[in-house]
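Worksheet: one structure, shown below.
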Amino acid sequence: MNFGNSNILNIIISITLIYALLSILVSILIEWWNHYKKARARQLKDAISQLLKDPLNLDYGDLFYSHFMVNGLTSDDEKRRPPQYISSKMFSEVLIDIIARQYLLQQPIQLVDKNGPGGKQYEMVEMPPCVTVLEKFEASLKIMNASPFRDVLLSFWEKANGNYETLKTLIENWYDNYMDRVSGWYKTKQKAKFIFFGFVVAIGLNIDGIHLVKILSLDKNLQQKLVQTAEEVADNYKTIADSAYDNSSELLRAIDGTFPDSLKKNNTRPADIISYLMAKDSAKYKGYIKKLHLNDSITKKYVAQADSVLGLAASLNIPIGWSDDSAPLSWFHCKKESFAKKTSGLLAYNAKRNYAPDVWIVLLYVIGIVISAVSLSFGAPFWFDLLMKFVNIRRAGKKPESTTQKSKES
Amino acid sequence: MSLPFTNVHTHVFNSECAPDRFLRILPVNFVRKYPGIIKSALDSNPGRKIIHGLFKLLSGREGNKRKELDKYIAFLDAGTDVSQLKVFETALKTGKMYDSSVRIVGLTMNMDYMDSQPSKKQISFLTQLELVKDIKRYYPANFFPFLGIDARHKSGDDLVNWARPYFESGVYHQNLKKVYPYFAGIKLYPALGFFPFDPKLEALYRYAEEHDIPVMTHCTRVGSQYIGAKIESLITKDPDMIATTDKAKAVQASIKERIERFYKKGWIRNSDIGDNDNACDLFGHPENYIPVLEAFPKLKICLAHMGGSNEIVSKIPSSVKEIRKVDGVSWFDKTMEIMKMYPTVYTDISYTLSDFDKKNIDVLDKVIGLLEATDNAGNSLSRRVLFGTDFFMTEQEKRETELYSVTKEKLKKYFDLITRVNPQEYLRQPV
């Protein structure tokens, strides 16, 4: 058996390509949602607040975010978006600053005249001089109440032995280790969103997994086209750096290059709808766009990416989407007369599914949607890795191109 | 000497300072049962607009419930994802239109005891104060914070020892060559769950009187209140009280009777959803300050908001009518009466002034009546009325700039007195 040309393997590769492509859409939606809800920035803020929380002294996390260097990274518009990323270098510098500042805030004063005509008069009381940041840091540690957080700082201070750079490095390492764990928590939190948006895309684009398999088994041309595309996509995917596998823009770039522009159909897609609303000379539409932040540059980028994915899906003629001529909308205006009973193959299958629904067909449709939703929730990297594996298996099982060619020529 | 323009009543805390279930201040059972869900919806701008619209529709334009929501929305608009420094700078910007050396009093609030359940996202009160000290460092001649006090936090000398560093540490203004303490006064918000006559506060009042530190207290029936469970444990039928004189003892009896009446009416009842609105009115009642004033006759206390607009109007809302049946006192009248009796008692026009230009109610007339009245010694009460805007709680009612101009227009004769002369008498900060 020539496994490389196996019909089953070709169907699997085609299905994998479809899910790989559409799961990019899930990733784009999640990235947009996280951007809209400031999820990444909020999670970072919560994590830093948690790390710097000291019930025996202060909530240093809030002082950290109020520091000019960090607060300056917050957008000044009505969205007030806090930073999504804080480097370990910035973290250490700001933390040293906010600890050292405590000493400054203790400057004692003395009331010298309570009844003066210009109000009460005060004067400063001398304090032991602290010139450098390190001296202030040490003095501040002394005035803090004993606490686990202070113990950590004290330990860094002792290990640094009066060297500012060493103190910074110790704090940076501490932060980096913590952030590795935070990334893990973040990914765990994203899982529920993948399932939700998997359903959004599966229902929104009417992706019936069982229908896809059936069509691919019946439509050899489509199968061939998808397998060919899958091979090219797999080749492009190899060129992406490991760190970019989670990045929807990189994945999209990998597969976008596979398609000639002429193939990308110009259907009505998100960017067209937004452009239409933007072009409307109506304050009402512009108001909605503003409220939903559809006019910010990052949202525009996500809309353009979603647009590309849908364009690619359309160019491959993947049997998805909503139409009066396909299930389930076709069930509501069943054109019984168009049901060609005597036809066979793809035509017969389509006719029965779209125009002669029974309980079994409806059930299969629902199961197909659920299968797609769950499949899409696995995420784009999963499907691309799988695609690579199947394409490699196909290539391994296939006779070398040159040998086949030569034998044909002879 | 030209005295600086002063706004004695603003808030600079942000949403992180408030407890997670802060929304329970709204008198709506659904909100009180599920404050987290509503809070999530209110955290976004579109969500706030939708809920605000729905509330308007359900409670009518002038409803008390809507006013409460307005305040909360104003708080979220100004205080979500923004630092206290930024909140202050917004208030300062408006004030500077009137005087470049404007002074803004920022009232901190200790909300650590507002709820019986610990909050996960709320920052500690000490952190709120640390950030306020930073604002004072940046704007020593413009910002005059008041230290929020709660009798459940600390008591007696312990409380004084805790508060002293806030009044006895400070900053030096390089250009003016003046030294300013970090904190200029004491802020009480009794409705959060304590009585101002609590003996735990006695040592602090003594310290404040000795050091000429003014006290600002919230004095309206509506507002924020204790939102936790077990209100009965906070309001005993025979509360401990600072009582030194016969007058104080007479008031003590009157207070106990009021508590008894509230218990009989069923207004003091442990509630799992923080339904403590009427019960918390007992904490901030103007009469509660008489024992304090009797014990500390030189202590300056400002009974803010003049008792509240709802108490001033002749045509009182039905909710207030119901309360008056049990507690027959108008807080506005009581505030004026106390001002007449005690020469160290002040009031301010904050929040009330947002109703000055409403034609169907007579708030302005009553306020002018108070300004024109004299105390028992024959001195004008206008010398003890202060200008404040209650920023940012009034942002939904009127923009801050409007409040300034309404005051200037409606109280022209008293404008300099209440915005410059009286605040300096009250604050006694270096000028």
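In what follows, chains are A, B, ... by sequence order, proteins preceding strands, each numbered from 1.
- Contact of the B/Ser169 side chain with the A/Gln106 side chain is not registered, since no non-hydrogen atoms from C-beta on lie closer than 4.5 Å.
- Contact residues of residues 83-90 of chain A toward chain B are absent (heavy-atom distance under 4.5 Å).
- Closest approach of B/Leu126 and A/Asn57 over heavy atoms only: CD1-O, 3.9 Å.
- If you measure heavy-atom distances from B/Tyr182 to chain A, the contacts under 4.5 Å come from the side chain alone.
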For A/Gln110 and B/Glu168, what are the C-alpha separation, side-chain angles and deciding distance, and is it a side chain to side chain contact (heavy atoms under 4.5 Å, CB included)?
CA-CA 6 Å; A/Gln110 195 179 357; B/Glu168 296 180 14; over 6 Å; no

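- For B/Lys178, the part lying under 4.5 angstrom from a heavy atom of chain A is the side chain only.
- B/Arg428 contributes no side-chain N or O that, together with a main-chain N or O of A/Gly118, makes up a donor-acceptor pair within less than 3.5 Å.
- The greatest number of non-hydrogen atom pairs below 4.5 Å with chain A, out of B/Lys133, B/Lys136, B/Glu425, is found for B/Lys133.
- Within the 3.5 Å criterion, the main-chain N or O of B/Asp212 finds a donor-acceptor partner in the side chain of A/Lys120.
- The closest donor-acceptor contact from the side chain of A/Lys114 to the backbone of B/Glu210 lies under 3.5 Å.
- Ranked by non-hydrogen atom pairs under 4.5 Å with chain B, the options A/Leu105, A/Leu58, A/Leu104 are led by A/Leu105.
- Contacts from residues 41-51 of chain A to chain B, taken as heavy-atom pairs separated by less than 4.5 Å, involve A/Arg42, A/Lys45 in sequence order.
- Contacts of B/Ile213 with chain A are made by both backbone and side-chain atoms, with heavy-atom separations under 4.5 Å.
- For B/Phe167, the part lying near chain A is the backbone, with the side chain staying farther off; criterion is any non-hydrogen pair under 4.5 Å.
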Given side chain to side chain contact (heavy atoms under 4.5 Å, CB included), test A/Tyr122 with B/Gln429 step by step and report yes or no.
CA-CA 10 Å; A/Tyr122 300 85; B/Gln429 286 295 296; 4.1 Å; yes

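- Remark: the backbone N or O of B/Ile123 is not paired with any side-chain donor or acceptor of A/Asp62 at under 3.5 angstrom.
- Looking only at side-chain heavy atoms (C-beta outward), B/Glu130 and A/Arg101 stay at 4.5 Å or farther from each other.
- Across all their heavy atoms, A/Leu111 and B/His211 have their closest contact at CD2-CD2, 4.4 Å.
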